[in-house]
Amino acid sequence: MPELPEVETTRRKIEPLLLGRIIERISHDAPHKYRNTHLAEGKRVSGLSRRGKYLLLQLTDSEAAEGLPHDLELIVHLGMTGGFRLQAGQHTRVTLTTDAGTLHFDDPRRFGKMAVVATGDYGGMPTLAAMGPEPLSDDFGEAEFVRLARECGAVKPWLLSQKPVSGVGNIYADESLWLAQIHPAQTKLTAAEAKKLYAAIREVMGAAVEAGGSSLGEGVGNYRQHDGEGGWFQVQHHAYGKAGQPCDRCGTPLEKIVLGQRGTHFCPQCQRVRRA
Ligand SMILES: [Zn+2]
C-alpha cells in the first residue's frame, strides 16, 4: 500500500512530465472510479501537490492569464497498487495524453481512484476534507498534537484516521509507535508520550521521504511496481512485518495483533499498555 513517502515520490516523478502541459485526453472505461475526468481535457496542469496520500493536479484553462486562480483539481488516489508508467501494460486502467506525451495509470488491484472537482471541493471525499496537517510541514505543531493525543482512543487507529496528521499509514504508524515505545492500543497519551510520538512521526516520515527521493534518478519508466504492502524502498523497518523477529532495541520477539482490522506489529517488552 503506497503511503505518504511513496505518493510523494510518485508526485516528484510525474511532475516534470505533466507540469505546464495541456491535457488533451483522459481515456478509461470506468467512469464511476475515474469521475468527471473529461472536465480536465483542454486544461493546463499548473501545479502538482499532495495532501496525505492524495495527489492533486491543479488545472487551469490553457488560455487563462497568469495569476488567475486555479479552477479545477484532478485528484488521484493510488489505492493499493496504483502507479504511473510510460508504457501501457496489462493493468493499464487510465491513459492520460498531453501535448507532450502519454502517461499510463496502472493498477492491478483496481483500488485507485481519480476525480476532477472544483478546487478545494472535497465534499465527496471525507478523508481528504478532514485531513490533518502534513507531518513534515510547519503546520504540524507539537502543542496541538499533544492536546489531541491526550484525548485519543486507541492510538494506532487514531493515527490511521488521518485527522491528527496526514499520510501516516499502516507501516509508518507501526514504525513510529515502535520508535516512541508506545503500545498501539494505548489510549489517552500522556504529554510525554505524545511528545515522543510527535518526534517519532517526524523522524520516520522524514527518513522515508528521503529514501524515496534518493531513488528518483531511475525515471518514471523504471518505476517499480510493488506487490502488496511494503517493498517500495530499502528503508530499514524495526517493527512492520517483523513478527517473531527480535526487537532491535531489546531482543524480545516482536508480536503481531489485529487492531482496527489492520495487522499491527509491536514489541511486547518496549511497548506496554499503560493502565490509565
Ligand atoms: Zn523491544
Side-chain angles (χ1 to χ4, degrees), residues 1-6 8 52-53 132-136 140-214 226-276:
M1 170 83 90
E3 300 202 24
L4 184 152
E6 291 80 8
E8 175 61 19
K53 294 184 257 183
E134 287 292 312
L136 300 176
F140 182 41
E142 187 193 62
E144 177 66 3
F145 182 77
V146 169
R147 190 181 71 77
L148 295 172
R150 299 201 67 169
E151 299 300 320
C152 75
V155 61
K156 183 181 171 186
W158 178 69
L159 287 177
L160 293 184
S161 75
Q162 309 295 303
K163 287 177 185 167
V165 56
S166 69
V168 178
N170 205 39
I171 298 171
Y172 299 110
D174 282 1
E175 292 298 308
S176 298
L177 289 164
W178 181 87
L179 190 58
Q181 300 185 51
I182 296 169
H183 192 284
Q186 182 68 53
T187 59
K188 292 187 166 52
L189 303 192
T190 65
E193 287 168 341
K195 285 180 184 179
K196 280 178 82 173
L197 181 56
Y198 173 84
I201 289 168
R202 300 237 344 174
E203 182 175 335
V204 166
M205 299 307 281
V209 167
E210 199 161 302
S214 68
H226 55 100
D227 43 3
E229 293 196 12
W232 275 65
F233 306 134
Q234 298 305 309
V235 180
Q236 182 64 45
H237 292 158
H238 294 288
Y240 181 80
K242 302 195 106 179
Q245 297 183 42
C247 172
D248 288 335
R249 196 163 36 218
C250 76
T252 304
L254 298 179
E255 292 183 3
K256 181 177 181 183
I257 58 172
V258 175
L259 184 62
Q261 299 171 321
R262 305 300 300 273
T264 295
H265 313 74
F266 70 105
C267 173
Q269 178 67 27
C270 299
Q271 295 169 265
R272 294 182 176 221
V273 177
R274 173 182 46 75
R275 303 260 172 248

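Just so it is clear, the structure is predicted and the values come from calculations on it, not from any experiment. For ligands, and for the atoms within them, numbers begin at 1 and follow the listed sequence.
- Between Tyr198 and Phe140, the ring center distance clears the sub-6.0 Å criterion.
- Within the 4.5 Å cutoff, the side chain of Leu254 has no heavy atoms near those of the His265 side chain.
- In this structure the side chain of Pro133 never reaches within 4.5 angstrom of the side chain of Phe145, judged on heavy atoms.
- In this structure, Ser166 and Glu134 approach most closely via the heavy-atom pair OG-OE2, 3.0 Å.
- Closest non-hydrogen pair, Ala243 versus Glu255, comes out as CB-C, 4.3 Å.
- Listing protein N, O or S atoms at distances below 2.8 Å from the Zn ion (ligand 1), with waters left out, gives Cys247 SG, Cys250 SG, Cys267 SG, Cys270 SG.
- Residues Glu175 and Leu179 are not in side-chain contact: their nearest non-hydrogen atoms beyond the backbone lie 4.5 Å or more apart.
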